[in-house]
Every structure is written in C-alpha cells, then in structure tokens.
Amino acid sequence: MSHCIGLLSIAAKFSLLVFLLSAVFLCSSLSDRNPEFALTKTEESDLKEENGKESVTEDDADAEDLEVFYPTNWWQTVHPVPGPFHQAGRKCLDGDKLLFKSIFILGQAIPAGLHVRLNLQTGEKEAKLPDSTNEKSDMKDQKKRKRLDKVDIDSNSFTSQELKEALAKLKENEKTKSTMEANLEDVRKRFRPIEELKAEFERLNMRIETDYEIMVKLINKFNSSDSMLDEKIAALYDLEYYVHQVDNAKDFLSLGGLQLMINALNSTEAVMKEHAAFVLGAALSSNPKVQIEAIEGGALQKLLVILATEQPLAVKKKALFALSSMLRHFPYAQQQFLKLGGLQVLRNLFKEKGMEALYVRVVTLLYDLIMEKMLLEGAQNNEDQMEEKVQQYSQVKLVPAVVEQGWCAIVSNLLALPEHDTREKVLKTVSVLMAFCKDRYRGDQHLNITLSMLRSEYEELAAEEQREGDKDGYFKELLGSINTIIQELR
Ligand SMILES: *[C@@H]1O[C@H](CO)[C@@H](O)[C@H](O)[C@H]1NC(C)=O
Ligand SMILES: *[C@@H]1O[C@H](CO)[C@@H](O)[C@H](O)[C@H]1NC(C)=O
Ligand SMILES: *[C@@H]1O[C@H](CO)[C@@H](O)[C@H](O)[C@H]1NC(C)=O
C-alpha cells in the first residue's frame, strides 16, 4: 500500500516542509497588520468560471504567480495552491495519507490563530482574523458560525507539533522588516525553489501520476470483485476528492464511474450508499454534463428512494447533498423531481424522527431553487439561450406545489429553532415565501407570537451589539428581517 514512504524520503519530506514553512513565514513578515498569514494562489488563468464557482485546473503553478493571502476581519476564501504540492500530495494518496494531508493543508496554509471554516456548500475553505479587540463579539461570531453547513476547523489540528516548532524556529531566525514591495519581490525570489523542488522529486524518481490515471485505478479498485468493502469505501473516499474538478468529473463519466456510483446507490450496505452518494454529489456540483448523464442513468429516482425509506441519517445526508447538486441550475431535473413526488419525499423527512439535522438543508435547498428561478425571471436578458432557460424554468411549478403541500408552515415553524444561523436561513426563506404564503401567515397566531418573541430577543442582542460598537451587526440584520416580515403581515 504505502510505496510513497519509500519514494519520498524523510529528507525530501523535511525539505518540502521547511520550504512551505518558510513560505508561510515569509508572508508573515509582510505586514504589521497581522502576524499570521496564509498562502494562496489566485491566478486567474487557473480558475475556471463554472456557474460562478471556481475550480482549480491541473496546470502547474507558476512560481511567479503565487500571491499572498491577507486575512481580514471578514471571511475570505482561501484558495488551494495548485502545482507541485498537490501533485506530490496526490502521488501519496493511497500511500502516506498523513503526508498527503500535511502537504495539501499546507498548500492552503492556514497558520494557527486564524479562524478557519470549511464551507460545505461551496467546498471552499474560508479564513478570517479572530476578533481580538472584543471577546464578546468573538463569542457572537462563534454563535454565528454555528452553522450546519459550515464546519469550523481548528487550524491547529492540521499542524503537527513538529511543524509548529519548525515554524517557531524560522520566526526566530528571520526577523526582517522592509517595505511591502521589497518583501513581495523577496517572496517571488523565494518561490523560485519550486523548480528545485520539482527537480528533487524527479531525482527521487517520483513519477507524478495524472488524475486520470489515478481515477482509473480507483474505479478499478472499486469495481473489482476482489476488493473488500473497506477497500471499496476507501476508493470512493479518494474519488470524491478528484471528481470535484469539472474536467475530472467528465473523465469520471467517460470511464463509467458515474454509472457505478448510481448502481451503488441501491447497495445493501449503508456505508456504500453513503459514499456513492457523496461522490455523486461532488461530481454533479455545477457540472451540467454530469447532471444530464446522471438523471438519464436513473440517479434521481434512486436518491429519492434513499430519502423516502428508512436509512441512517448519514446516508440521507449524503443523498440530500447529491440531490441538491443534481437539482441546482438544472430545471429539467427540478421538473422531474416534482413529477416524481420529490417534494413530498422531502416533506416526509419532517415527520421522521432523528432527521432534524436535515431540516435546514431542505429549507436551504428550497430557498435556492425558488431564488434561482426568480433571479432568472428578473434578469433582463433577451439572448436566445436565456429565453430557452426561462422557458425551461417556466415548466418548474415549484412554488404552487410548495404552497399546496403546506411548506409555508413547515418553514415558519423552524423559526422556533434556537440557533441564530438556522433562524437566519429560515427568515430568508420566509421572506421569499411571503408573496405566496401571506394569507396563511396572517392567520397564524403561533407565528405571530414567535415573531414577537424573536423581535424582543434580537432587539436586545442588537442593542448590546451596538453598545459594543458594532453598528451594522449580525443581530441588527436579523432584527431587520423580522421587522420586515412583521410589517408585511400587518
Ligand atoms: C466493472 O466490472 C464489470 C465486471 O467485471 C465490467 O464488465 C465493467 O466494465 C466494469 N466497469 C467499469 C466502469 O470499469
Ligand atoms: C439496484 O437496482 C438495479 C435496477 O435499478 C438492479 O438492476 C440492481 O440489481 C439493484 N441492486 C441491488 C443490490 O439491489
Ligand atoms: C399579533 O400579535 C399582536 C400583538 O403582539 C396583535 O396586536 C396582532 O393583532 C396579532 N395579529 C394577528 C393577526 O393575530
């Protein structure tokens, strides 16, 4: 299994780490604003616009284009650094998992001290400075960040003690301070060693496999009757990483991998269904070609069967993720979803015990689908393609079904949930539903009481926030939404 260790000597590992650490450190000397920096790469040519989402292509990183990530007080996406780090990491994928992880994570280099979170909806890592000036507002921030779809990552957990010590040493040794420009120039010079690093890997006879080759191996591993269940799951786990990239997902399709995933959705093993749905969801994300093939391959029905039958929460979670990826920006799938009774299937999740963790995800999906259609209808664009899209969306009778099936109350009842972030999402959804649910909401005494209670709660929190100097705070924003809703119900 772990031929990687043999290929990548300890010395090479160490020099790579030192290199990465020195790169991280170097950035940290760039500004007085912040002691901690992360490296990121934002070269435009490496980022593909795909339905507004970025994905990093396979091109080698040009050392000259590496840029510095400046953490601020707000959340910013941290882009992974493509190129040799990734490739080195990938090579070791089924060998030295640990090394892979440290290289990959260092590629996205989030030094300790920053708040880091993983946005599960976009798959992007986001980072910001901790709010050091105000402990209270830090707590508020923590509250805010208690999101079901945003996982907080303790940046320390990625950095082994060894790495931290090495970083500390480097910090001691290098205490240069000069102008921004001079430092940037220095950064560029520092990145030259990437070429040397590459040469070193070549000397070590590390043939870098392409993603395609790796996917072929993983698919074969998964499909082989000789593979044990845990080997198959491991193959799926690794595949999920690759199919995020649009081009890889297309290869995955042409290799027959997609159909294997769809077939695995009715496996008798829950863990198999879970991981197959995960890979499927990743491959489907913002990838129209895969979306079309998947719906033709019967994925929609199978996902709905999983969601409609008794299954462990983990399986349903991933099935809902795959379903969401399938439906977003794909009106044909949305139409089929409605035809197949998908909305009822989601509605029944609210009657099932133990599925509370899915509520907000379902509401978020509905919100996104409603907004998707509204935004398109609102857009003044007469291009032919646009007209066709509008035409396709006009077939999606989502809102009437939502109202008819009683979603107005299902959604507004979720305002009783305690988390601010959940409420934020529910309030947003109630606002878009207002136009269609107004009559129901007007007569809903329970909602009236809930809204009044929420208003008092957020008036207090917003006042406190303001006393702390936060004029346009989070709670004020929530209070604003609540007041707007109350106003509209008058
Ligand atoms: C999976 O294995 C079967 C039987 O061994 C084979 O017929 C099929 O082509 C394989 N599928 C893929 C995608 O490799
Ligand atoms: C899954 O469903 C397909 C048809 O939809 C069927 O051919 C296959 O045998 C099923 N597999 C299992 C394990 O039930
Ligand atoms: C909602 O409650 C307020 C008092 O908080 C009351 O004045 C109002 O009439 C109620 N509205 C409805 C529709 O019951």
Side-chain angles (χ1 to χ4, degrees), residues 1-4 48 50 55 57-58 86-87 89-95 97 100 123 207-307 309 311 314-315 318-327 330 332-333 336:
M1 263 294 262
S2 78
H3 33 259
C4 180
K48 267 198 180 171
E50 199 83 30
S55 68
T57 64
E58 282 319 282
H86 276 200
Q87 300 204 338
R90 245 182 252 132
K91 173 64 196 168
C92 306
L93 194 59
D94 58 356
K97 273 245 162 67
F100 169 77
R207 202 178 79 80
I208 304 295
E209 286 180 298
T210 64
D211 284 7
Y212 188 88
E213 289 167 324
I214 294 170
M215 284 197 301
V216 168
K217 278 190 190 167
L218 291 171
I219 290 170
N220 287 340
K221 189 89 188 166
F222 174 77
N223 195 30
S224 166
S225 49
D226 295 336
S227 297
M228 305 293 290
L229 180 63
D230 61 342
E231 291 176 300
K232 290 180 179 226
I233 299 305
L236 292 182
Y237 183 86
D238 289 344
L239 274 170
E240 192 273 335
Y241 166 79
Y242 287 97
V243 301
H244 273 287
Q245 292 199 5
V246 172
D247 292 334
N248 283 349
K250 286 177 188 159
D251 289 337
F252 185 62
L253 185 69
S254 64
L255 287 168
L258 189 77
Q259 197 58 50
L260 288 179
M261 294 307 108
I262 296 171
N263 294 345
L265 288 178
N266 63 336
S267 157
T268 48
E269 299 287 348
V271 67
M272 180 78 93
K273 281 188 277 212
E274 177 190 341
H275 283 82
F278 195 27
V279 175
L280 191 61
L284 284 165
S285 295
S286 307
N287 202 327
K289 198 170 176 209
V290 179
Q291 284 177 314
I292 291 167
E293 294 286 337
I295 200 162
E296 284 179 352
L300 184 57
Q301 286 89 335
K302 290 194 175 179
L303 290 171
L304 289 176
V305 166
I306 291 178
L307 289 167
T309 53
Q311 307 281 348
V315 176
K318 292 296 190 286
L320 183 58
F321 163 65
L323 178 71
S324 303
S325 301
M326 170 84 107
L327 297 181
F330 190 18
Y332 176 73
Q336 295 306 306

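Remember, it's 1-based here, ligands and their atoms both numbered in the order they're listed. Scope of the values below: all heavy atoms of this structure, side chains included, with no hydrogens, waters or symmetry mates.
For Q259, the side-chain contact (heavy atoms from CB on, under 4.5 Å) partners two or more places apart in sequence, or in a different chain, are I262, N263.
Distance screen at 4.0 Å: atom 5 (O) of ligand 1 has no protein heavy-atom neighbour inside the cut-off. Distances from atom 9 (O) of ligand 1 to the protein include no heavy-atom value under 4.0 Å.
Note that CG of L327 is 11.0 Å distant from CD of Q336, once rounded to the nearest 0.5 Å.
Using a 3.5 Å distance cut-off with no hydrogens or angles, the side chains of S267 and E269 do not pair a donor with an acceptor.
The salt bridge (Lys or Arg N to Asp or Glu O under 4.0 Å) analysis of residues 218-231, with sequence neighbours excluded, yields the pairs K221-E231.
Among L255, V216, N223, the residue whose heavy atom sits closest to atom 11 (N) of ligand 1 is N223.
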